[in-house]
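Structure first, then comments.
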Amino acid sequence: MSQKGFATLEIILMVMVIGILATMAVPQFEKMTAAANTSKVQSDLAAINTAIAVYEMEKGTTPTYAQLTANDANYFENGAPQPPTGKIYVNGTVTDIGSTGYAVTDGKATFDGKTADKFTTKSS
């Protein structure tokens, strides 16, 4: 007897295997996305801190974030940094990204009110 196609049991087993693999892959993907977002925020904060230092050397005062990103200002090579969306590591814990964005607080670059040392994949 010649058999064509798959039996119902074979299809059910394939779907189960794919489901098991997906349940293992999705959390890893979320962690990797959060790690990438964390790296972007750390890099952006470093760029903003550099721009703050240049502004302070040129003008003698601490700028606001609006002053660094003004149209006539030239403190960022590729335009003002845009925050990522999704999840991020804050003190080693994956959390949703807030909505505040980048700012200058007490002469340092901040993201959602936190400095760069708060954005790490390791618990502090």
Side-chain angles (χ1 to χ4, degrees):
M1 171 165 115
S2 67
Q3 180 182 3
K4 294 182 182 181
F6 294 102
T8 306
L9 182 59
E10 291 172 328
I11 292 176
I12 291 172
L13 289 174
M14 286 189 332
V15 169
M16 286 176 52
V17 168
I18 291 170
I20 291 169
L21 292 174
T23 59
M24 291 188 299
V26 168
Q28 293 301 320
F29 178 75
E30 188 175 82
K31 287 179 184 177
M32 296 308 288
T33 303
N37 286 342
T38 303
S39 294
K40 180 178 181 353
V41 167
Q42 289 172 328
S43 174
D44 288 350
L45 291 176
I48 296 168
N49 279 326
T50 300
I52 291 168
V54 170
Y55 186 98
E56 287 176 340
M57 287 174 46
E58 289 178 353
K59 312 266 184 189
T61 62
T62 301
T64 64
Y65 188 66
Q67 289 172 316
L68 293 175
T69 59
N71 289 338
D72 59 342
N74 192 18
Y75 293 100
F76 302 104
E77 186 175 318
N78 297 317
Q82 297 299 314
T85 58
K87 297 191 180 283
I88 191 169
Y89 279 99
V90 178
N91 291 328
T93 304
V94 176
T95 60
D96 286 323
I97 290 178
S99 59
T100 309
Y102 297 117
V104 176
T105 306
D106 296 329
K108 292 184 180 180
T110 61
F111 179 69
D112 284 338
K114 300 171 188 71
T115 56
D117 60 331
K118 299 293 181 190
F119 299 100
T120 176
T121 56
K122 295 181 178 163
S123 297
S124 56

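Because the structure is a prediction, the values reported are computed rather than measured.
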Treating E10 as the side-chain partner and A7 as the backbone partner, does any N or O pair qualify as donor plus acceptor under 3.5 Å? yes
Could you go through L45 and F119, starting from their C-alpha distance and side-chain angles, then the distance that decides it, and tell me whether this counts as side chain to side chain contact (heavy atoms under 4.5 Å, CB included)? CA-CA 10 Å; L45 291 176; F119 299 100; 4.1 Å; yes
Shortest non-hydrogen contact from P81 toward D44: CB-CG, 3.5 Å
Rounding to 0.5 Å, atoms CD1 (I11) and CG (L9) come to a distance of 10.0 Å
Verify, without hydrogens or angle tests, whether D112 (side chain) and T100 (backbone) share a donor-acceptor contact under 3.5 angstrom. yes
Between T115 and D117, does the side-chain hydrogen bond (donor to acceptor under 3.5 Å, both in side chains) criterion hold? Intermediate values first, please. CA-CA 6 Å; T115 56; D117 60 331; 2.3 Å; yes
So, the side chain of Q67 versus the backbone of T64: is there a donor-acceptor pair under 3.5 Å, distance only? yes
Closest approach of K40 and Q82, non-hydrogen atoms and distance? NZ-O, 2.9 Å
Kindly indicate, with the supporting measurements, whether the criterion side-chain hydrogen bond (donor to acceptor under 3.5 Å, both in side chains) is fulfilled by Y89 and Q42. CA-CA 11 Å; Y89 279 99; Q42 289 172 328; over 6 Å; no
Between T69 and Y65, is there a donor-acceptor pair closer than 3.5 Å when you use the side chain of the first and the backbone of the second? yes
Interatomic spacing from OG1 in T33 to NZ in K31 - rounded to 0.5 Å: 12.5 Å
Assess whether side chain to side chain contact (heavy atoms under 4.5 Å, CB included) is satisfied between I52 and K108, documenting all intermediate values. CA-CA 8 Å; I52 291 168; K108 292 184 180 180; 5.7 Å; no
Is there a donor-acceptor pair under 3.5 Å between the side chain of N37 and the backbone N or O of I88? no
Would Y75 and Y102 show up in the same hydrophobic cluster when neighbours are defined by side-chain heavy atoms closer than 4.5 Å? yes
Please evaluate residues K114 and V90 with respect to the criterion side chain to side chain contact (heavy atoms under 4.5 Å, CB included), reporting the C-alpha separation (whole Å), side-chain torsions for both, the decisive distance (0.1 Å), and the verdict. CA-CA 9 Å; K114 300 171 188 71; V90 178; 3.8 Å; yes
Verify the cluster assignment for I18 and L21: are they in a single hydrophobic cluster under the rule of side-chain heavy atoms below 4.5 Å apart? no
Are P83 and V41 close enough that some pair of their side-chain heavy atoms sits under 4.5 Å apart? no
Ignoring hydrogens, what is the shortest heavy-atom contact between L68 and F76? Give both atom names and the distance. O-CE1, 3.7 Å
N49 (side chain) donor-acceptor with A109 (main chain) under 3.5 angstrom: yes
Can you tell me if T61 and E56 form a side-chain donor-acceptor pair at under 3.5 Å? no
